[in-house]
Peer 1: 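The structure is given below, and queries will be raised subsequently.
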Amino acid sequence: MPDFSFLLLHVDDHAASARFYHQLLELPIVDQKDDFAMLPLQDGVMLGLWAKATVEPAGAAQSGANEIAFTVADAATVEATHADWVRRGLTILQAPTQMSFGTTFVAVDPDGHRLRVFAPPAA
């Protein structure tokens, strides 16, 4: 099986998106070209931000049809992350709430990609 190595997002402005994720997740921008930027996530997986205008073949899906999920330790961390992201001006689609898989909230990045933060229920 091939290794999972990239999460690619098609974005309007790859440089602005790179700055957004750099500031939000405190990740370094390790590569930036004319139409592409890259930040390291974890375990060798990279976040690639590709300018929509140059994606080949062109993408057909709209932003917000999928989610990037971030697991945190507990419900208090969900609440603290939510408060931080509100302070930073992110649009919140779902305030912290309890769901079958744990406590969660959803925000969006500047391109409308959904960012879900959740804490699984305590065992």
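Sequence positions, counted from 1, serve as the residue numbers for this chain. Just so you know, these numbers use all the heavy atoms, side chains as well, and skip hydrogens, waters and symmetry mates.
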Peer 1: With hydrophobic residues grouped by side-chain heavy-atom distances under 4.5 Å, do Leu49 and Phe4 end up in a single group?
Peer 2: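 The answer is yes; both residues are in one hydrophobic cluster.
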
Peer 1: Could you grab the distance from atom CG of Asp74 to atom CD of Glu79, nearest 0.5 Å is fine?
Peer 2: 10.5 Å

Peer 1: Hydrophobic clusters here meaning ILVMFWY residues chained together by side-chain heavy-atom distances under 4.5 Å, can you tell me if Phe70 and Leu7 are in one?
Peer 2: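 They do share one cluster, since a chain of ILVMFWY contacts under 4.5 Å joins Phe70 to Leu7.
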
Peer 1: Could you give me the CA-CA distance, side-chain angles and deciding distance for Val117 and Thr77, then say whether side chain to side chain contact (heavy atoms under 4.5 Å, CB included) is met?
Peer 2: CA-CA 9 Å; Val117 175; Thr77 307; over 6 Å; no

Peer 1: Got Asp109 and Ser17 here, is their nearest side-chain heavy-atom distance under 4.5 Å?
Peer 2: no

Peer 1: If you link ILVMFWY side chains whenever their heavy atoms are less than 4.5 Å apart, which other residues fall into the same cluster as Met38? By chain and number, please.
Peer 2: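 Under the 4.5 Å side-chain rule, Met38 groups with Phe6, Leu8, Val30, Phe36, Met46, Trp50, Val55.
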
Peer 1: To the nearest 0.5 Å, how far apart are CD1 in Ile29 and CG in Leu47?
Peer 2: 10.5 Å

Peer 1: Not counting sequence neighbours, which residues clear side chain to side chain donor-acceptor pair (under 3.5 Å) with Asp31? List them please.
Peer 2: Lys33

Peer 1: Please name the pair of heavy atoms, one in Pro28 and one in Pro40, separated by the smallest distance, quoted to 0.1 Å.
Peer 2: O-CD, 3.2 Å

Peer 1: Which pair of non-hydrogen atoms, one from Ala119 and one from Ala73, has the smallest distance, and what is that distance?
Peer 2: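 Scanning both residues, the minimum pair turns out to be CB-C, 4.2 Å.
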
Peer 1: Let me confirm one number: the CG-CZ distance from Asn66 to Arg114, rounded to the nearest 0.5 Å.
Peer 2: 9.5 Å

Peer 1: Would a 4.5 Å heavy-atom cut-off, applied to side chains only, mark Asp111 and Phe20 as touching?
Peer 2: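 Answer no - side chains too far apart.
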
Peer 1: Taking all non-hydrogen atoms of both residues into account, name the closest pair between Gln94 and Phe105 and its distance.
Peer 2: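 Between these two residues, the closest heavy atoms are O-CB, 3.2 Å.
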
Peer 1: Minimum heavy-atom separation for Ala95 to His82, with atom names?
Peer 2: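 Where Ala95 meets His82 most closely, the heavy atoms are CA-NE2, 4.2 Å.
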
Peer 1: Would you say that Leu39 contacts Leu25 through its side chain, given a criterion of any heavy-atom pair below 4.5 Å between the two side chains?
Peer 2: no

Peer 1: For the residue pair Thr54 and Asp34, establish whether any side-chain heavy-atom pair is separated by less than 4.5 Å.
Peer 2: no

Peer 1: Quick check for you: to the nearest 0.5 Å, what is the distance between Asp3 atom CG and Met1 atom CE?
Peer 2: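 The CG atom of Asp3 sits 9.5 Å away from the CE atom of Met1.
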
Peer 1: Tell me whether Val108 is reachable from Val78 by hopping between hydrophobic residues (I, L, V, M, F, W, Y) whose side-chain heavy atoms are closer than 4.5 Å.
Peer 2: no

Peer 1: Taking all non-hydrogen atoms of both residues, which atom of Ser63 and which atom of Lys52 are closest, and how far apart?
Peer 2: OG-NZ, 4.1 Å

Peer 1: Find the distance between OG1 (Thr81) and CG (Leu24) and round it off to the nearest 0.5 Å.
Peer 2: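 Nearest 0.5 Å value for the OG1-CG distance: 9.5 Å.
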
Peer 1: Can you measure from CG (Asp35) to CG (Asp13) and round to the nearest 0.5 angstrom?
Peer 2: 11.5 Å

Peer 1: Under 4.5 Å between any side-chain heavy atoms of Leu115 and Tyr21, yes or no?
Peer 2: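 Yes, their side chains come closer than 4.5 Å.
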
Peer 1: Verify the cluster assignment for Leu93 and Val86: are they in a single hydrophobic cluster under the rule of side-chain heavy atoms below 4.5 Å apart?
Peer 2: no

Peer 1: When Phe118 is tested against each of Thr104, Val72, Thr103, Val106 for side-chain contact (heavy atoms from CB on, under 4.5 Å), which residue passes?
Peer 2: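 For Phe118, the side-chain contact (heavy atoms from CB on, under 4.5 Å) test succeeds with only one of Thr104, Val72, Thr103, Val106, which is Thr104.
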
Peer 1: Going by the rule side chain to side chain donor-acceptor pair (under 3.5 Å), which residues pair with Arg19 if we only count those two or more places apart in sequence or in a different chain?
Peer 2: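 Partners of Arg19 under the side chain to side chain donor-acceptor pair (under 3.5 Å) test: none.
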
Peer 1: Specify the closest pair of heavy atoms between Ala107 and Trp85, including all atoms of both residues, with the distance to one decimal.
Peer 2: CB-CE3, 3.8 Å

Peer 1: Is the backbone of His10 close enough, under 3.5 Å, to the side chain of His113 for a donor and an acceptor to pair up by distance?
Peer 2: yes

